[in-house]
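Here's the structure we're looking at; comments come further down.
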Number of protein chains: 2
Amino acid sequence: MTSTQRYLEMADILEAELAHVPVGAQVPSEHVLAERFHVSRPAARAALQELERRLLVRRVQGVGTFRRGRVEYVISAHFPPSFSETVRLAGAEPASRLVSCGVRRAVEQERARLQLQPGAAVWTVERVFSVNGEVAAYATSVLPRRPLLNLDRELGDEVSLHRVLRRRYGLTVVRARYRISLDVPPQGIAEHLTGGSRGPVWLAESVNRAAGGPYVEYARTYLRPDVLDVTFEIEEETH
Amino acid sequence: MTSTQRYLEMADILEAELAHVPVGAQVPSEHVLAERFHVSRPAARAALQELERRLLVRRVQGVGTFRRGRVEYVISAHFPPSFSETVRLAGAEPASRLVSCGVRRAVEQERARLQLQPGAAVWTVERVFSVNGEVAAYATSVLPRRPLLNLDRELGDEVSLHRVLRRRYGLTVVRARYRISLDVPPQGIAEHLTGGSRGPVWLAESVNRAAGGPYVEYARTYLRPDVLDVTFEIEEETH
DNA sequence: CAGTGGTCTAGACCACGGG
DNA sequence: CCGTGGTCTAGACCACTGG
């Protein structure tokens with residue numbers, strides 16, 4: 001048996017209809033749906049919000065409600081540790097914007113992860129990543145300052161931090177440790193990532209090293225689950 | 001600057017107050033909060049729903065709103081592939097309930113993953129897992145029928161499928177492949193897992209083998225992110 | 001400017017759970 | 001039974017976006 005609640009019944013009907021709607025197409029507005037189903041606007045609104053919770057639509061104030069499609073984002077040993085390359089593999093268009101880049105002393109946690117001396121200085125690089133024009137991720141990278149003098153100047157407008165490390169410093173970055181969980185981002189990051197709204201999002205933490213060398217990056221990346229269909233996989237080694 | 005919206009301002013105030021509230025304690029009701037903040041009940045309700053989205057509280061119809069705490073659930077190569085053991089490691093009390101156990105022919109996807117002959121028969125075992133009395137996960141296990149005759153009888157009231165495999169069939173189960181993503185569960189599973197509400201939840205897929213032997217299990221497990229603080233981690237091998 | 005979604009009011013009735 | 005949260009109405013005003 002189906003829902004006895006009106007707005008869930010509406011959501012189920014609309015979900016079935018949405019199966020044939022192409023990604024990006026506009027969905028009827030709250031006002032139109034209220035008229036069609038003979039309910040008040042708050043009830044129609046609840047139905048659209050339910051569809052948003054099911055990751056089927058995207059809502060933008062002042063513009064409308066649209067069919068959503070998620071972009072596949074696969075994390076595994078076989079893929080390089082780069083946002084841009086991972087997104088391009090799914091056939092989508094990545095973009096990135098530098099939020100800040102500066103130097104400060106490493107805190108205890110960062111020293112431990114990067115195996116630095118007490119009092120060591122580190123770069124902190126904050127970036128926002130987008131996919132097809134929509135904000136999808138927010139990353140904080142911490143890198144030792146020592147072998148990477150002038151990183152801020154070398155970065156410039158470059159989209160890819162790892163490309164700079166490879167081309168300017170001769171470092172090929174590989175994953176050493178990786179962990180992923182689901183967390184509610186702090187307010188400052190939620191503002192960049194979701195416009196202030198704070199639901200749970202992916203939190204990926206990775207410690208990367210130069211191939212055959214020392215640790216060079218500790219990164220914390222928040223990823224929006226409604227935009228990115230993240231899959232994280234491991235396989236046993238074939239002996 | 002803080003929120004200009006009343007309900008978000010309330011949520012921020014309540015979030016700060018909740019920091020000192022023990023897990024499980026009751027939170028003021030919608031009615032009480034509406035009075036305290038001089039707003040209508042829908043506005044007070046919106047504030048509590050915002051706290052629920054931030055995973056800070058748990059709401060139960062007819063009972064009340066309570067401070068929530070998540071149980072740590074770590075998935076890695078170092079931990080055994082067992083729900084019960086993983087939960088107990090975090091100091092919480094696991095429970096499980098058998099929903100169904102039967103035999104049918106394997107579908108294409110299952111045949112490929114378990115490396116079975118065309119037309120092979122498989123067991124399907126469906127279970128609900130709880131933590132501290134709250135539903136936390138729903139698992140579907142598919143196992144080859146051939147070496148596991150009478151699995152239904154052997155299972156009985158046993159909580160742990162893997163314990164049965166070890167004690168009755170002499171099989172120690174280890175992970176071969178594991179992948180995790182975030183998905184909206186189908187309606188039938190959402191009913192068991194969240195009482196019908198359909199937001200995104202963890203979906204863990206694992207292919208397990210008998211130590212040094214053939215594949216014995218393909219499992220699809222849905223896990224509630226509000227109940228379980230799932231962390232999935234990999235480390236490079238130390239050579 | 002018109003149309004969208006975001007917030008809010010002041011009520012109403014219902015479903016549920018516990019005493 | 002009462003109090004809880006869940007649903008719903010019929011309006012209102014606002015913020016935002018686009019033409």
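Each chain gets a letter, A, B and so on, in the order the sequences are listed, and its residues count up from 1.
- A salt bridge links Arg68(A) with Glu134(A): at least one charged nitrogen is closer than 4.0 Å to a carboxylate oxygen.
- Where Tyr7(A) and Val60(A) meet DNA chain D, the nucleotide closest to each residue was compared, and Tyr7(A) sits on the side nearer the 5' end.
- Bounding nucleotides for the chain A contact on DNA chain D, 5' to 3', at a heavy-atom distance below 4.0 Å, are dT7(D) to dT17(D).
- Contact between Phe66(A) and Gly24(A) at its shortest, heavy atoms only, is CD2-O, 3.5 Å.
- Of the residues in residues 28-47 of chain B, those placing a heavy atom less than 4.0 Å from an atom of DNA chain C are Val39(B), Ser40(B), Arg41(B), Pro42(B), Ala43(B), in numerical order.
- Whole-Å rounding puts the Arg59(B) CZ to dC16(C) C1' distance at 14 Å.
- Judged purely by distance below 3.5 Å, without hydrogens or angles, the side chains of Ser141(A) and Glu217(A) pair a donor atom with an acceptor atom.
- Within 6.0 Å of atom CD in Glu72(A), 12 or fewer heavy atoms from other residues, nucleotides or ligands are found, so the atom counts as exposed in its surroundings.
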Worked check of side chain to side chain contact (heavy atoms under 4.5 Å, CB included) between Phe83(B) and Val131(B): CA-CA 10 Å; Phe83(B) 180 89; Val131(B) 172; 3.8 Å; yes

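- Between the side chain of His192(A) and the backbone N or O of Gly188(A) there is at least one donor-acceptor pair closer than 3.5 Å.
- Panel note: side chain Arg67(A), backbone Leu18(A); a donor-acceptor pair is recorded below 3.5 Å.
- Using modelled atom types, one side-chain atom of Glu110(B) and one backbone atom of Val107(B) make a donor-acceptor pair closer than 3.5 Å.
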